[in-house]
Amino acid sequence: MDVTSDGGTARRRDRDTEGRARNARPRDGLGRPLPYGADGVERQPEGVVRGPERTVAEAQALLDAGKPFHAHEVFEDAWKSGPEEERALWRGLAQLAVGLTHSARGNATGGARLLRRGAGAVEEWAAAEGRARPHGIDLAHVATWARELAGVVEGEARPVDAGSWAPRLGGEGPR
């Protein structure tokens, strides 16, 4: 603990083994921080370099399990470590996962906004690159899913079940 300017105490910033600031508070399945000492959901390790197929498979499994916040972290790793020409694709997919996270948390405005932004980003990337199904991801299907969910979230103005609304990245099968 550190002493604050008014004589109180403050918790020191959590740090990883390299000394970088990392919040060690446990999190729930939607990434919300829980009190220190509470049982939380295991977090995704950061900075993992995966191939595209493994990224898609891990993200899909997390989405199916109702953990879009964790799926966003997998997409973010791909965005940061992947080839430059694919960064906008992975960033758009991360935005979609965060949009689902906000929608599941009950933030209708933020959820709908991020879902639409992510849908536009993956469509723009597909058009620019001429690739509709990179790494088996059906981008048209994913964009349609995102816009449909954005309308539901705005219309119902209540949290959605993240697992029930998980997108099928390959486009096949039921939601």
Side-chain angles (χ1 to χ4, degrees), residues 12-34 36 39-105 110-111 113-146 149 162-163 165-173 175:
R12 289 182 188 198
R13 288 188 80 178
D14 299 323
R15 303 252 175 219
D16 66 12
T17 56
E18 282 91 41
R20 291 186 303 256
R22 296 267 192 246
N23 191 326
R25 283 177 64 183
R27 302 229 174 213
D28 71 6
L30 293 175
R32 292 175 289 220
L34 298 170
Y36 284 97
D39 288 332
V41 172
E42 187 174 341
R43 295 175 70 173
Q44 289 302 114
E46 293 181 44
V48 176
V49 178
R50 304 168 183 84
E53 289 73 21
R54 183 172 161 214
T55 294
V56 173
E58 285 186 29
Q60 185 68 70
L62 290 163
L63 290 164
D64 291 345
K67 298 178 182 176
F69 177 82
H70 298 81
H72 129 269
E73 291 179 333
V74 171
F75 287 136
E76 189 173 276
D77 284 341
W79 158 22
K80 292 179 177 179
S81 68
E84 181 66 37
E85 64 273 7
E86 290 189 355
R87 290 195 176 158
L89 166 67
W90 300 116
R91 184 175 55 243
L93 291 166
Q95 288 172 333
L96 292 171
V98 173
L100 178 55
T101 300
H102 282 286
S103 298
R105 290 177 178 177
R113 184 175 294 134
L114 279 164
L115 287 163
R116 288 191 179 103
R117 183 181 304 155
V122 298
E123 288 172 329
E124 184 178 315
W125 184 89
E129 295 294 322
R131 295 174 61 192
R133 290 187 62 92
H135 312 298
I137 306 167
D138 184 337
L139 296 180
H141 171 78
V142 170
T144 298
W145 160 84
L149 178 55
W165 272 99
R168 300 302 309 157
L169 298 174
E172 73 286 340
R175 226 193 337 251

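Here the closest heavy-atom approach between residue A166 and residue L100 is recorded as CA-CD2, 4.3 Å. Residue G111 comes nearest to S103 through the heavy atom pair CA-OG, 3.6 Å, listed as atom of the first residue, atom of the second, then distance. Pairing each heavy atom of A143 with each of V122, the nearest pair is CB-CG2, 4.4 Å. Here the closest heavy-atom approach between residue A126 and residue L139 is recorded as CB-CD1, 3.7 Å. D64 approaches P167 most closely through the heavy-atom pair OD1-O, 4.5 Å. Between G31 and R105, the closest heavy-atom pair is C-NH2, 3.3 Å.
The CD atom of Q95 sits 11.0 Å away from atom CD of E76, with the distance rounded to the nearest 0.5 Å. Note that CZ of R117 is 11.0 Å distant from CZ of R91, once rounded to the nearest 0.5 Å. Taking CD of E129 as the reference point, atom CG of L89 lies at 9.0 Å (rounded to 0.5 Å). One finds the NE2 atom of H141 at 9.5 Å from the CZ atom of R133 (value rounded to the nearest 0.5 Å).
Side-chain contact check for V41 versus H70: some heavy-atom pair is nearer than 4.5 Å. Between L93 and W79, the closest side-chain pair of non-hydrogen atoms is not below 4.5 Å. Here the side chains of F75 and L96 are not in contact, with every heavy-atom distance at 4.5 Å or above. Looking at R27 and K67, their side chains never come closer than 4.5 Å, going by heavy atoms from C-beta outward.
Side chain of W125 to backbone of E85: a donor-acceptor contact under 3.5 angstrom is found. The backbone N or O of F69 sits less than 3.5 Å from a side-chain atom of T101, completing a donor-acceptor pair. The closest donor-acceptor contact from the side chain of R25 to the backbone of R32 lies at 3.5 Å or more, if one exists at all.
Within a 6.0 Å radius of CD in E86, other residues, nucleotides and ligands contribute more than 12 heavy atoms. Annotation: R113, atom CZ; neighbour count of heavy atoms from other residues, nucleotides and ligands within 6.0 Å does not exceed 12.
Residues passing the salt bridge (Lys or Arg N to Asp or Glu O under 4.0 Å) test with E53: none are found, sequence neighbours excluded. Residues that satisfy the side chain to side chain contact (heavy atoms under 4.5 Å, CB included) test with V56, not counting sequence neighbours, are W90, H135, I137, L169.
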